[in-house]
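These numbers come from a predicted model, not from an experiment.
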Amino acid sequence: MNSLLENLTEPQRAAVTHRDGPLLILAGPGSGKTRVVTQRIAYLLGQGVAASQVLALTFTNKAAAEMRARVEQLVEGRQVWLSTFHRFGARILRDYSDYVGLSPNFTIYDSSDAKQTLRRVIEAENVKVMHYTPERIAAAISSAKNRLVTPAEYQPRPGRPLSQIVGEVYPLYQKRLLASSAVDFDDLLLHVAQLLYKHPEIRADLDSRYRYILVDEYQDTNRAQYVILRAMSKDYPNLAVTGDPDQSIYRWRGADIKNILEFEADYPAVHVVRLEQNYRSTKRILRVADELISHNVQRKQKALHTENDEGEPVRLTVYPDQDSEAAGIALEIQSAINKQGCSPSDFAIFYRMNALSRSLEKALREAGVPFQMVRGQEFYQRKEIKDVLAYCQLVNNPLDDIAFERTVNTPARGIGKKTLQRLGEYAYRLGLPLLGAARQAAQIESLPKRAAVQLARFVEIIDRISAVAHRDVEEVVGTVLEESGYRKSLAESESEEDQNRLANIEELLTDARQFDEQEHDSDIEGGQLEAYLERTWLVNDIDDWESNTEKVTLMTLHAAKGLEFPVVFMIALEQGVLPHERSSSDPDQLEEERRLTFVGITRAQHQLQLSYAVRRDYRGQRRLTIPSPFLLEMPRGEMEQVQLATKSFPESIEEDSMEEFGDDFFETEIDQRHPSELESEALAAGVNAKPPAQKPVANSAITTAAALAVGQEQPLESGLAEPAVSPDLLTQGMAVVHPDHGLGKIVALSGAGKNRRATVRFVTAGQKRFVIAHSPLRLASK
DNA sequence: GCCTGGGAAATTTTT
DNA sequence: TTTCCCAGGC
């Protein structure tokens, strides 16, 4: 046990060994916070606390997985409950579902299901929504739920049309969810919070069941989470929270930074530990981060320091456009791997929005650098996967109308809009779920005989699946595929797209089998299927991000929180991107964007490059950019600027041709300045600008390599391909070249003339669909 | 009832 | 640029 504490600093040890009473760990980035939390768990167990009395809550699945692995290392085989808040909420709700009006086998709707439900409600009740989209309304409802405002409590504000609509829709929406025995993500917290304050005996029970609660990223908790934690720490106030106000980046989801700023007021007996020594980054990186974040007003003063090396200057690189930004980074990584023996996993590239990753993917692929992208909700969100899972969902919860609607005519079995409308009316009148109504199809007068028969057949399918619902998930899924005819309909299809779907479905079977093998000790009463479904709803991907794989990591700044990498690239530090344009009006939101930037910077251990592009194409539009104001808030003395610009810069924005890549595309000096470059110029002047020739060797070598390669790329490509052809001349099986994806083969064609589309399978980039007339596809020459 | 094509709208971050 | 929705034709 003592060895457990040996390598800890004094404050770390204090946090680990604090036994009873509230504990606030203010942990700066890279201060060993996760280590402290996991060791604390081990310490408590070592002190004789039962594993079942410890509850550790995180915000994301990634963090939970990471922590679980570390705890497992420290105390093998001791099962502490460690999960995300939402998953915890789901488990609690299973036990107490009837208290909140749910059945124990309730469904969890993801945002698109929730949106769909909202649509149905608006439609059915004929609510006037004016110009407000379902998304806007959903966001407003979500925000109310996060603030713990129930439908009954919601007060529309006069003069706020959106709130008037929400006041009308929110209760209907909630009623609909309950009727389907479904919850949305927010309900997982809202219901639990209500349960706790409405039922003192349940509160007391849970409070004593979880005597030691640890919370990670406490700065990101919202009102509902706050109330849940308070309720469970009354009789046993052994609540240990860790967090860093400077890393609060989920305000938009209702996170209330006050929760952590006022923790000491909430728990007067609190013991506060500050972890301010950073073990991750170089002094220079840390100073840049520290100086930037000091521009925030809403924060707790913190003295970050490190005993690490001074390190290299933080680099600020200006690229002419996003493609050279991507190519430059890709080549730099490539050369570091080849020449310096770095591993691809040493590198990470962060961006503000997923939409910014495209150029990077392309550039890395072309450079032959392996990478992994962390994108939320990949696999389980695919249409075919959701279709198949919807059958399982309906079998698991027959009240689930969304699942019914999704499955009833997928694959097509002749049950159309009219039939569904009539069925819906009947169900609504009698207060039945759609599946229940379908069981009575023969008695619905408005339904033609044929439609009634089809519905009855569908009900039979569901019943046949239900018959095996208690078996292993793989068998359930397999039965769905057979009985529903889903597999057959895909297998019969000629299109490559459907073949792909088929492959995905096979993957789902594999996933189900793995689940059966690994999670067989599940203690959920509803059995395997329910446990599996819960995972598909709350875990965003089958294979989450892997830290020990030999790949470069691409992710959003939000996803990067809690991670660290030797070398970090942050792209698009541009006004409107970082900070995001939707945050510019509100000072609070601007502070959050600054924190987001802070989070990104502090992920870097040894090297950090910030970059922006002078012009950037975004949703089809070319824009000249303005450098992020955050760059001006960073200490210039710690930074060095690299400017890659072009002589032959297009004079007008309309000019959409990029063909003038020449040998002199990259210049080390700016000869002819584009108006927008004046901005970057001004910035450059302050930032220790050095002529590239005098830069450190490593940098200049890389820069030159990047410049050369990018400069040559274009002629190389065009040399390989023929000029564009008329769309109708393309036939299946033809070899084509795409500037982004390289060589591919046409596997399917549809439409004609300028609407003719081609599905192309690329050698390296997988399968893509194009409108030929608008695509840069060329015939490959022999 | 089903499918296709055309047009319009919407684009942050995650459970 | 992509995605979603709807109308119209088969």
More than 12 heavy atoms from other groups under 6.0 Å of CZ on A:R501: yes
Is the base of B:dT14 stacked against the aromatic ring of A:H558, taking ring centres under 5.5 Å apart and planes under 30° as the test? no
Among C:dT1, B:dG1, B:dT14, which is the nearest nucleotide to the side chain of A:T419? B:dG1
Side-chain atoms of A:K418 come closest, of B:dG1, C:dT2, B:dT13, to B:dG1
Just wondering, are more than 12 heavy atoms of other shown residues or ligands nearer than 6.0 Å to CZ in A:R119? yes
Of the nucleotides B:dT15, B:dT14, B:dC2, which one has an atom closest to the side chain of A:N409? B:dC2
Output the single nucleotide from B:dT14, B:dC2, B:dT11 whose closest atom is nearest the side chain of A:R253. B:dT14
Could you check A:G414 against A:T84 and say which one's nearest nucleotide on DNA chain B is further toward the 5' end? A:G414
Stacking here means centres under 5.5 Å and planes under 30°; does A:F185 stack on B:dT14? no
Pair A:Q454-A:N409, side-chain donor/acceptor within less than 3.5 Å: no
Among C:dT1, B:dT12, B:dC2, which is the nearest nucleotide to the side chain of A:H580? B:dT12
Which residue lies toward the 5' end of DNA chain B, A:R87 or A:M353, if each is placed at its nearest nucleotide? A:M353
What nucleotide among B:dT12, B:dT15, B:dT14 has an atom nearest to a side-chain atom of A:R352? B:dT12
For A:R136, report the nucleic acid contact type (base, sugar-phosphate, nothing); a contact means any heavy atom under 4.0 Å. nothing
